[in-house]
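Please read all numbers here as calculations on a predicted model, not as lab measurements. Read the numbers this way: they start at 1 and go in the same order the structure lists the ligands and their atoms.
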Amino acid sequence: MKVIVGITGGIAAYKSPLLVRLLRKEGHEVKCVATEHALQFVTPLTLETVSGNKLYADLFASDNDHTTEHISLKDWGDIMVVAPATANIIGKMASGIGDDALSTLLLSFARKPIWLAPAMNTQMWENPTVQRNIDYLRSIGVHIVEPAEGELACGTSGTGRMAEPEEIVERIENGELRIENYPGTANANSPIDKRIEKMIVTGDSPAQFKKVLVTAGPTYERIDAVRFIGNYSSGKMGFALAEALARHGAEVELVTGPTALKTSHPNIHRTDVESAREMYAAATGLFPSCQAAILSAAVADYRPEHTADHKLKKQGEEGMTLTLVQNPDILATLGKMKRDDQRLIGFALETDNELANAQHKLEKKNLDYIVLNSLRDKGAGFGVDTNRVTIIGRDGTTHTTPLLTKVQVAEEIVKHCVGELKIY
Ligand code: CTP
């Protein structure tokens with residue numbers, strides 16, 4: 001992949017060379033574009049040495065091939081990452097301003113993935129104008145790697161520290177697989193893009209769509225051309241949720257793993273995925289334009305480190321070893337992305353210490369509700385048509401249903417968790 005790394009003027013720019021090195025280690029080609037202020041913190045020589053390419057910083061530099069270099073760079077790059085992204089570049093992007101090499105390039109990079117790793121002091125990050133700009137950029141498909149909490153260069157501590165380069169690379173690697181699913185990128189004619197276009201024209205906030213994201217089914221993690229690691233999830237619970245939401249008037253973005261189930265309601269827009277990483281890409285792309293998300297998919301926690309594109313041969317009596325690597329946690333990522341006007345509901349399948357474990361998961365992943373399935377309950381769980389759940393709220397309140405059909409349980413979850421959002 002060809003990656004353009006944009007660097008703006010913040011102290012976190014000292015971490016940008018490490019980001020460039022990590023990207024190159026992953027096999028990507030990198031070119032850097034820096035603002036004038038960025039070069040107060042990191043030198044052109046450092047950026048050119050680590051990237052192995054010429055640095056672009058000046059639209060009108062005499063050694064540029066031509067004065068439209070930013071346009072040819074736009075064609076060269078597959079993806080742009082701005083790290084650190086200051087409040088200034090975020091404001092320019094949200095307003096469509098192009099007054100230097102980087103901001104002009106970002107403007108012309110309109111239909112390809114852009115990632116921002118903001119870095120600034122806490123007051124600036126919490127400034128309502130900055131947050132409005134971030135929300136707007138998210139709603140048109142720009143990806144934000146949220147700043148972390150910790151000690152800041154200005155001597156205070158709070159949220160605003162740039163995410164570590166390792167996390168930025170991991171987020172890009174996991175999210176880059178199916179860019180055709182991202183709003184505002186490759187699939188200009190998709191219903192999602194059409195709705196986002198309408199939102200930009202009418203000035204509607206994303207929440208006015210009354211749109212809910214639902215994940216469903218299992219994920220399959222490929223081992224080779226004919227084998228995969230999967231699980232017994234049928235998708236029935238997630239499909240019942242999508243149908244219940246649509247019946248009540250919501251627009252539903254259903255992202256589902258492999259399943260034979262069909263949807264019937266016209267308000268359900270379905271995205272079929274296979275692996276956890278594909279589900280991650282689709283869900284993180286869709287969440288910013290949704291009012292709520294209910295994540296019921298049984299996502300594989302691990303995938304094979306390598307996938308063979310042929311059928312693997314028998315390895316003999318000694319057996320074979322498959323190395324597994326961790327998949328991204330979709331629910332936890334949406335928990336980090338969540339705005340105040342959004343609601344996030346997760347599921348927990350527990351075998352012991354059910355309530356305490358589920359409550360811990362709710363807090364750790366920043367959820368509003370968690371729906372607890374207990375495998376101890378007869379008639380509940382994978383494959384069957386019935387279920388019995390306990391819905392736990394952020395305030396610790398619990399609501400346990402009797403053993404019901406999955407359709408009835410879906411109604412209960414919708415009413416209890418998103419009822420007062422007035423999607424009805
Ligand atoms: N989930 C997710 N992405 C993952 C793993 C899980 O979005 N990679 C979501 C599921 O859709 C579900 C919730 O997380 O809503 C709980 O999944 P579960 O497997 O019970 O919890 P984990 O967080 O994986 O924790 P553990 O396996 O340690 O219990």
Chemist: Please determine whether a side-chain nitrogen of the Lys or Arg among Glu164 and Lys15 lies less than 4.0 Å from a carboxylate oxygen of the Asp or Glu.
Modeler: yes
Chemist: Which heavy-atom pair separates Ser296 from Ala216 by the least distance, and what is that distance?
Modeler: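 Nearest pair, atom of Ser296 first, then Ala216: OG-CA, 3.9 Å.
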Chemist: Looking only at protein heavy atoms, which one is nearest to atom 6 (C) of ligand 1, and what is the separation?
Modeler: Val299 CB, 4.1 Å
Chemist: So which heavy atom in the protein is nearest atom 10 (C) of ligand 1, and how far is it from that ligand atom?
Modeler: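 Here the closest protein heavy atom is Ala297 O, 3.3 Å.
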Chemist: Any protein heavy atom sitting closer than 4.0 Å to atom 28 (O) of ligand 1?
Modeler: no
Chemist: How close does the nearest protein non-hydrogen atom get to atom 18 (P) of ligand 1, and which residue and atom is it?
Modeler: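 Going by distance alone, atom 18 (P) of ligand 1 is nearest to Lys361 NZ, 3.6 Å.
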Chemist: Which bit of Asp329 is near ligand 1, meaning a heavy atom under 4.0 Å away: side chain, backbone, both or neither?
Modeler: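 Both backbone and side chain of Asp329 come within 4.0 Å of ligand 1.
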Chemist: Nearest protein heavy atom to atom 17 (O) of ligand 1, by residue and atom, and its distance?
Modeler: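 Its nearest protein heavy-atom neighbour is Phe347 O, 3.8 Å.
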Chemist: Any Lys/Arg nitrogen of Glu412 or Lys406 sitting under 4.0 Å from an Asp/Glu carboxylate oxygen of the other?
Modeler: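 No.
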Chemist: So that I can tick it off, tell me whether Asp224 and Arg227 are bridged by a salt bridge, with the cut-off set at under 4.0 angstrom between side-chain N and carboxylate O.
Modeler: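 Looking at Arg227 and Asp224, the cut-off is met.
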Chemist: Less than 3.5 Å between some nitrogen or oxygen of Pro328 and one of ligand 1, yes or no?
Modeler: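 Such a contact does occur with ligand 1.
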Chemist: Show which atoms of ligand 1 fall inside a sub-4.0 Å distance from at least one heavy-atom site of Leu349.
Modeler: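 That gives atoms 20 (O) of ligand 1.
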Chemist: Spell out, as yes or no, whether a donor-acceptor pair under 3.5 Å connects the side chain of Glu363 to the backbone of Arg394.
Modeler: no
Chemist: Can you see which heavy atom on Pro304 is nearest to which on Arg222, and at what distance?
Modeler: CG-O, 3.3 Å
Chemist: Does Lys365 pair with Asp329 as a salt bridge, N-O distance under 4.0 Å?
Modeler: yes
Chemist: Give me the residue, atom name and distance of the protein heavy atom closest to atom 3 (N) of ligand 1.
Modeler: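 Atom 3 (N) of ligand 1 sits closest to the protein heavy atom Ile330 N, 3.1 Å.
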Chemist: Mind listing the closest non-hydrogen atom pair of Val414 and Ala244 along with its distance?
Modeler: CG2-CB, 4.0 Å
Chemist: Just need the protein heavy atom nearest to atom 14 (O) of ligand 1, so name the residue and atom and give the distance.
Modeler: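 Checked against all protein heavy atoms, atom 14 (O) of ligand 1 sits closest to Leu331 CD2, 3.4 Å.
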Chemist: I'd like to know if the side chain of Thr122 and the backbone of Thr159 have a donor-acceptor N/O pair within less than 3.5 Å.
Modeler: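 Confirmed, Thr122 side chain pairs with Thr159 backbone.
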Chemist: Using a 4.0 Å heavy-atom threshold (strictly under), name the region of Ala332 that reaches ligand 1: side chain, backbone, both or neither.
Modeler: neither
Chemist: Can you name the atoms of ligand 1, numbered from 1 with element, that are less than 4.0 Å from a heavy atom of Gly346?
Modeler: 15 (O)
Chemist: For atom 5 (C) of ligand 1, which protein heavy atom lies nearest, and how many Å away is it?
Modeler: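 The answer is Asp301 OD1, 3.5 Å.
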Chemist: So, does Ala276 sit close enough to ligand 1 that a heavy atom of it is under 4.0 Å from the ligand?
Modeler: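 It does not, in that no heavy atom of Ala276 comes within the 4.0 Å cut-off of ligand 1.
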Chemist: Could you say whether the N/O atoms of Leu295 and ligand 1 ever approach to under 3.5 Å?
Modeler: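 Right, the criterion is met.
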Chemist: Between Arg270 and Asp272, is there a side-chain N and carboxylate O pair less than 4.0 Å apart?
Modeler: yes
Chemist: Is there any N or O on Lys365 that sits under 3.5 Å from an N or O of ligand 1?
Modeler: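 Yes, since at least one N or O of Lys365 sits under 3.5 Å from an N or O of ligand 1.
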